[in-house]
There are 2 protein chains.
Amino acid sequence: MRVVSLDTAGGDAKVHDQVYDALADALIKGQIPPLNPVSLRTLAANLGVSPMPVREAVRRLIAEKALELQPSNKRLRVPDLTEKRVLQLTKAREWVEPELAALATPRMTKDAIRRLRDDDAKLMKALSSGDVGGYMQANQDFHFCIYAQADADLFYDLARTLWLQVGPFMRVVFGRLGTVQLPKDHHQDMIAAFESGDPEAVRASMQSDVREGMEMMLDVIRSRAEPEPKRRRAK
Amino acid sequence: MRVVSLDTAGGDAKVHDQVYDALADALIKGQIPPLNPVSLRTLAANLGVSPMPVREAVRRLIAEKALELQPSNKRLRVPDLTEKRVLQLTKAREWVEPELAALATPRMTKDAIRRLRDDDAKLMKALSSGDVGGYMQANQDFHFCIYAQADADLFYDLARTLWLQVGPFMRVVFGRLGTVQLPKDHHQDMIAAFESGDPEAVRASMQSDVREGMEMMLDVIRSRAEPEPKRRRAK
DNA sequence: AACGCGTCGATGTGATCACAATATACGCGC
DNA sequence: GCGCGTATATTGTGATCACATCGACGCGTT
């Protein structure tokens, strides 16, 4: 199964941007597991383009730490997460995402709030049916629907790069825990806070939401004495 | 005068990394003014390499928003700063850099503090002699000497990308204000706080330092009704 | 002298070729 | 059967070529 594919919609979009979007999407959804090797030519062949635009997309993802180049050998792969790194990612997410949510609060439209309810419904549905992919998609849609309203592109992009780094690991977390024992999210509280227009309540809900998610990830990181060296190759 | 040059030291460092370092250094020091056009081939010729590694370095800098591609026409240039963007950069810097300083506090070695004193001395010297380049260099050394001690690479890199974005504009600020009427920095307070090992005092000093610098920048942004369309080409 | 239009040059982008370095697979010897 | 060295394949990197597109400049006309 190919986990990456090109969006063949727009005609004049740069190829390397399409490749970037495809790769970023696959990463943020956790479709490419940590430590999974990636090669320029293989990707290029799968996407039906020359290695050139793939190089540019990959260079960009490396800059965002969504991919890494192994030091001695020069293989390209999805980075692994250390405990130290998770703690930093947690701190960063606990700052930007509540900030974005607070900024978005006075700008939330009725339509956006409706989309939030819709996304949360999809999320609950995916949760009860054990659909990990659907859960991650709905959760991502929920959060970034909020962040898009904040009108703060620098913070938005920062949040994006942070999700790009935690994405591959979220799938691992669900693999260990399953969707059954997920703690209750704070989406309902958040929606209520949006409707009453209380930025600080929104901020608090978002921070709890982020914190609890990252605590789960931290537990998984700590619990793996040694990661199984089994590597699946996503092609 | 060529504002970018390759570090010809290490032999096995990738060329595109050297190009990146050279460009990033020039940008962070404000040696390339905002809106200054940049071209792959010109840079490649100046650096004595093929356009290929320059493309990769530039792609990385675009990802970090240190360079931008004009939308309709496809020229490459140093981004301009809007008021909205400065406000976001201020918020971000006021969070990461005090955080880094606080993290660095218990890890500060005698040697690092000595370097701080040294950098601050250079800074004062450059200030009194009106040496803008020397001032920016010393200020950068001072801050990143601290950040390097924090042992938090995610935050460190974030601070770096933020400086990359404000760098070109700092030079503009000094061009408007001159080095004479700079407000007193908080470097002395900070050094004292480091020596007494008080993270919160360090954090407060750093935040004031960042805030006042960014307020100066914001004033300059606001004061320019229309920027002079005069563009110098740095070659 | 001012304006319009066409040409030329320069730009970013993509494809292809070449190369050194390394991982992987294979086969030989023990 | 197992260890190890060699050979092959694949990797990322850099250079060069080709091309569509846009800006700049100059010439011509009014």
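Chain letters run A, B, ... following the sequence lines, proteins first, then strands; residues in each count from 1.
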What is the distance from NZ of Lys14(A) to P of dG12(C), rounded to the nearest Å?
11 Å
Without decimals, in angstroms, what is the distance between Gln70(A) CD and dT11(D) C1'?
11 Å
Inter- and intrachain pairs under ring pair (Phe, Tyr, Trp, His ring centres under 6.0 Å), touching residues 18-39 of chain A, at least two apart:
none
Can you tell me which residue among Arg93(A), Arg85(A), Glu64(A), Arg160(A) is in a side-chain hydrogen bond (donor to acceptor under 3.5 Å, both in side chains) with Gln165(A)?
Arg85(A)
So, Lys65(B) and Asp157(A), do they make that salt bridge, N to O below 4.0 Å?
yes
Specify the separation, in whole Å, of atom CG of Leu76(A) and atom P of dG12(D).
6 Å
Below the 4.0 Å mark, does dT10(D) have OP1 or OP2 next to a side-chain nitrogen or oxygen of Ser39(A)?
no
Taking CZ from Arg77(B) and P from dG12(C), how many angstroms apart are they, rounded to a whole number?
13 Å
d(CD, Glu56(A); P, dG12(C)) in whole Å:
11 Å
Step-by-step salt bridge (charged side-chain N to carboxylate O under 4.0 Å, His left out) determination, Asp141(B) to Arg115(B)
CA-CA 9 Å; Asp141(B) 290 344; Arg115(B) 279 203 303 276; over 6 Å; no
Protein-nucleotides 15-19 of chain C N/O pairs closer than 3.5 Å?
from	atom 1	to	atom 2	distance (Å)
dA15(C)	OP2	Ser50(A)	N	3.2
dA15(C)	OP2	Ser50(A)	OG	2.2
dA15(C)	O5'	Ser50(A)	OG	3.2

Can you check the Arg75(A) CZ to dA23(C) P distance for me, whole Å?
8 Å
With distance as the sole criterion, is a donor-acceptor pair present between the side chains of Gln140(B) and Asp119(B) under 3.5 Å?
no
Leu69(A) CG to dG14(D) P, straight-line distance once rounded to whole Å
11 Å
Using whole Å, what does the distance between atom P of nucleotide dG12(D) and atom CZ of Arg59(A) come to?
10 Å
The nucleotide from dG12(D), dA20(D), dT13(C) with an atom nearest the side chain of Lys74(B) is dA20(D)
Can you confirm if the aromatic rings of Phe155(B) and Tyr147(B) lie within a centre distance of less than 6.0 Å?
no
